[in-house]
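To keep things clear, I will list the structure first and then write my remarks on it.
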Amino acid sequence: MNKPLRFLLAAAVLALADPAAAAPRSFEGEWSTSYGDMTLHESSASVRGSYTMGGAACAIEGRRAADELIFAYQEPDASGQGRFRLSADGESFEGERLPRGGSAWNPWKGRRRVRAGDAVGFEGLWQTDFGRLRLSRSGERVLGYYSFSGGSLEGRVRDGALRFRYSDQKKGEGEFRLSEDGSALRGRWRADGAAKWSDWNGTRVEPAAGRRWLVVLESRWESDLSEREYSYGDMLKVFFTRTPAVQVRHRFYTDKASLAKWVREASLLAEPVVLYFSAHGSEEGLHTDSGPADADALTEPLRVGTNIELVHFGACEVMKGKVPAELQRRLASGPRFPISGFAQTVDWAASAVADFMYLDLILSRGLPPAKAAAELERLMPFTTRTSAGSSYDGVSFRLLGP
C-alpha cells in the first residue's frame, strides 16, 4: 500500500475513533458573553455575527485559525478588535478586546446558551425569589449557591428540568425549567416532609459591559490591641479609585467558615472577579482561627465561581505547598482559573509593591495574568529572584496556569 493511501486510511480511522475529530468544535451558535448575548455564524474560516449590548445590536466579524477567532467589532459609539480562544469542549471561550485608540485589553468571555435537555442553559447568574443564584456545572452535576441564608443546591438535568436538593435554614427538593429563550427560570420547591410546593422563579442577570471586580478577603494582621490597624484592602480601595471600571470589595474573615462564605459571595457578582486573599500563610494554606484553609476548605466555595478569572494568594509560602495544584486538580471539571502568589516568607512591604503592580497590570492595563506575571518579573526582578545589592529579598512570585 502506498504512503498517501496509508495516511488517508489512518486519518479516517482516527476520525471515526475520535468524536472531536469527526465533529470539529465551532464558534457557530448562541452565546452568553461579558458584553451581552451573541449569535455567531461560521462558514469555512469566516465568522460573522452580532451581540446585543445596552439594547443595541453590535456587529462582529473575523477569521478563525485553529481554535482562535481574530475579529473586529462595531458598536454604536465604539469599535475595536479582539480575539476569542475556544475551550477544549467547545462550550465556552476566553478572550479579550481592545477599543480603537485604547491601550488596555479587557476580558471578553462567553458560554454557549440553552440547549434542550442539557445543563448548559442553566449555567449563569440569576435574580430569584430567594436572592441571587449562581448555577454551574461539575461533570453531570449542576451546583448552585444563593444568597438567602447562604443556601446551596445540587442536582441533575433530566427531561429538560433541573431537579435538585437544596440546603439553607431547611432542606428540601425543587426543580427549575428554562423559558424558551433561556432568559428566565420557572421553578418550585418544598421542604422535606411538606406536601405543598411553592414557587421559585428567576431571571438571568447579564454582566455590565467592561466592569470587573477586585474582591479582597483579608484576615487581621495585628497580633494585639497595642498595634494600630493596617490593611491591604483599605489601600487597594483607594488605589483603584482612579479606575472607574474596577469595583473593589473588601471583607474580613476570621475562620474557615467566614472565609468560605465570602468566597461564595464573590460568585454572585455578574462580572469577572479577581479574588485576592490577604493573610498570613504557610505551605498548609491560609491562616485562620480554625486552622489552615487548605484545598479541603477552599474547593467547595470555589466550585461555583465560574466568573472568577484569577485567584491570588497574598500570603507567605502558599505557592510552595500543594494547595494551589490540588485546587486545580479538584476543580478540573468546573471553573478554571490561574492561581498566583508567593513561595517563601516575604517582607510585608515587598509583597505590597509586587501585588499592587501585578493587580494594576491586570485590572487597569488589561493584561492577562500570565502576561502580567512576565511583565512583573521584567519590571521588578526581585519578585522572582534576589539581586545583589537589592534592598528587597526575592519574594518567589509564582503563577500556576489553569
Side-chain angles (χ1 to χ4, degrees), residues 33-35 80-85 93-99 102-110 207-218 232-250 263 266-267 269-279 302 305-315 318-319 324 327-328 335-343 346 350-384 395-402:
T33 85
S34 310
Y35 290 86
Q81 60 180 309
R83 50 183 175 258
F84 296 149
R85 291 173 297 279
F93 62 75
E94 299 275 343
E96 49 266 334
R97 61 183 240 161
L98 178 67
S103 59
W105 290 82
N106 296 309
W108 193 347
K109 298 183 179 182
R211 180 182 295 167
R212 302 170 80 184
W213 297 84
L214 172 62
V215 175
V216 183
L217 304 184
E218 191 165 17
Y232 279 118
D234 290 344
M235 294 188 294
L236 284 164
K237 281 192 294 186
V238 176
F239 183 79
F240 281 105
T241 299
R242 78 193 201 291
T243 312
V246 178
Q247 297 288 311
V248 180
R249 293 294 181 269
H250 177 215
V263 173
S267 72
L269 299 171
E271 297 80 18
V273 170
V274 171
L275 187 57
Y276 176 38
F277 296 112
S278 180
L302 283 169
T306 52
N307 59 328
I308 293 175
E309 62 175 345
L310 171 70
V311 167
H312 180 67
F313 288 103
V318 173
M319 296 302 291
L327 272 176
Q328 290 195 338
R336 300 185 180 186
F337 41 75
I339 299 175
S340 55
F342 307 110
V346 293
S351 63
V353 171
D355 281 351
F356 276 55
M357 176 66 78
Y358 179 53
L359 293 172
D360 186 69
L361 289 168
I362 294 170
L363 292 167
S364 299
R365 315 289 170 169
L367 271 62
K371 291 183 179 179
E375 182 73 353
L376 183 69
E377 181 179 8
R378 187 182 71 82
L379 294 170
M380 297 181 173
F382 79 89
T383 56
T384 56
V395 296
S396 293
F397 178 94
R398 292 181 184 174
L399 176 75
L400 184 63

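For this chain, numbers begin at 1 and follow the sequence in order.
- At distances below 3.5 Å, at least one donor-acceptor pair connects side-chain atoms of Q328 with backbone N or O atoms of G401.
- Without hydrogens or angle criteria, S267 side chain to V263 main chain gives no donor-acceptor distance under 3.5 Å.
- With respect to the salt-bridge test (charged N to carboxylate O, under 4.0 angstrom), the residues R336 and E309 do not qualify.
- Within the 3.5 Å criterion, the main-chain N or O of A245 finds no donor-acceptor partner in the side chain of T243.
- The two residues D360 and R242 come nearest to each other via the heavy atoms OD1-NH2, 2.6 Å.
- For the pair S34 (side chain) and K109 (backbone), a donor-acceptor distance under 3.5 Å is present.
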**Request:** Please test L363 against F240 for side-chain contact (heavy atoms from CB on, under 4.5 Å), starting from the C-alpha separation and ending with a verdict.
**Result:** CA-CA 9 Å; L363 292 167; F240 281 105; 3.9 Å; yes
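- Of all heavy-atom pairs between K237 and V248, the closest is CG-CG1, 3.5 Å.
- With rounding to the nearest 0.5 Å, the separation of CZ in F337 from CG in L327 is 6.5 Å.
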**Message:** Run the side-chain contact (heavy atoms from CB on, under 4.5 Å) test on I362 and L310 for me, step by step, so that the C-alpha distance in whole Å, both residues' side-chain angles and the decisive distance to 0.1 Å come before the verdict.
**Reply:** CA-CA 10 Å; I362 294 170; L310 171 70; 3.6 Å; yes
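- Using a 4.0 Å cut-off between a side-chain N of Lys or Arg and a carboxylate O of Asp or Glu, E375 and R365 do not qualify as a salt bridge.
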**Stepwise ring pair (Phe, Tyr, Trp, His ring centres under 6.0 Å) check, F313 with F342** = CA-CA 7 Å; F313 288 103; F342 307 110; over 10 Å; no
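- Residues I339 and V318 form no side-chain contact, since every pair of their non-hydrogen atoms from C-beta on lies 4.5 Å or further apart.
- M380 is listed as a side-chain neighbour of M357, based on a closest heavy-atom distance under 4.5 Å.
- Looking at Y232 and S351, their side chains do bring a donor and an acceptor atom within 3.5 Å of each other.
- Here the side chains of D355 and Y276 are in contact, with some heavy-atom distance below 4.5 Å.
- The six-membered or imidazole ring of Y358 lies near that of H312, with a centre-to-centre distance under 6.0 Å.
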**Prompt:** T383 and E377: side chain to side chain donor-acceptor pair (under 3.5 Å), yes or no, with the steps?
**Reply:** CA-CA 6 Å; T383 56; E377 181 179 8; over 6 Å; no
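- The nearest pair of heavy atoms linking A270 to P207 is O-CB, 3.7 Å.
- Annotation for P99 and A104: closest pair CD-O, 3.9 Å, computed over non-hydrogen atoms.
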**Request:** Starting from the C-alpha separation in whole Å, work towards a yes-or-no answer on side-chain contact (heavy atoms from CB on, under 4.5 Å) for W105 and R83.
**Result:** CA-CA 10 Å; W105 290 82; R83 50 183 175 258; 3.3 Å; yes
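- Here M319 contributes atom CE and F397 contributes atom CZ; the two are 8.0 Å apart, rounded to the nearest 0.5 Å.
- Side-chain atoms of R97 and Y35, non-hydrogen and from C-beta on, do get closer than 4.5 Å to each other.
- In this structure, N106 contributes its side chain and L98 its backbone to no donor-acceptor pair below 3.5 Å.
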**Asked** L214 and R249: side-chain contact (heavy atoms from CB on, under 4.5 Å), yes or no, with the steps?
**Response** CA-CA 6 Å; L214 172 62; R249 293 294 181 269; over 6 Å; no
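- Two residues are said to be in side-chain contact when any heavy atoms from C-beta on lie closer than 4.5 Å; S340 and R398 fail this criterion.
- Using modelled atom types and a 3.5 Å distance limit, the side chains of W213 and E271 yield a donor-acceptor pair.
- Nearest heavy-atom pair across P272 and R211 is CD-O, 3.6 Å.
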**Request:** Test E96 against R85 for salt bridge (Lys or Arg N to Asp or Glu O under 4.0 Å), laying out the working first.
**Result:** CA-CA 9 Å; E96 49 266 334; R85 291 173 297 279; 2.9 Å; yes
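- Of the possible donor and acceptor atoms, none in the side chain of S364 sits under 3.5 Å from a partner among the backbone N and O of L361.
- Summarising the geometry of V216 relative to G233, their closest heavy-atom pair is CG1-CA, 3.9 Å, with the distance given to 0.1 Å.
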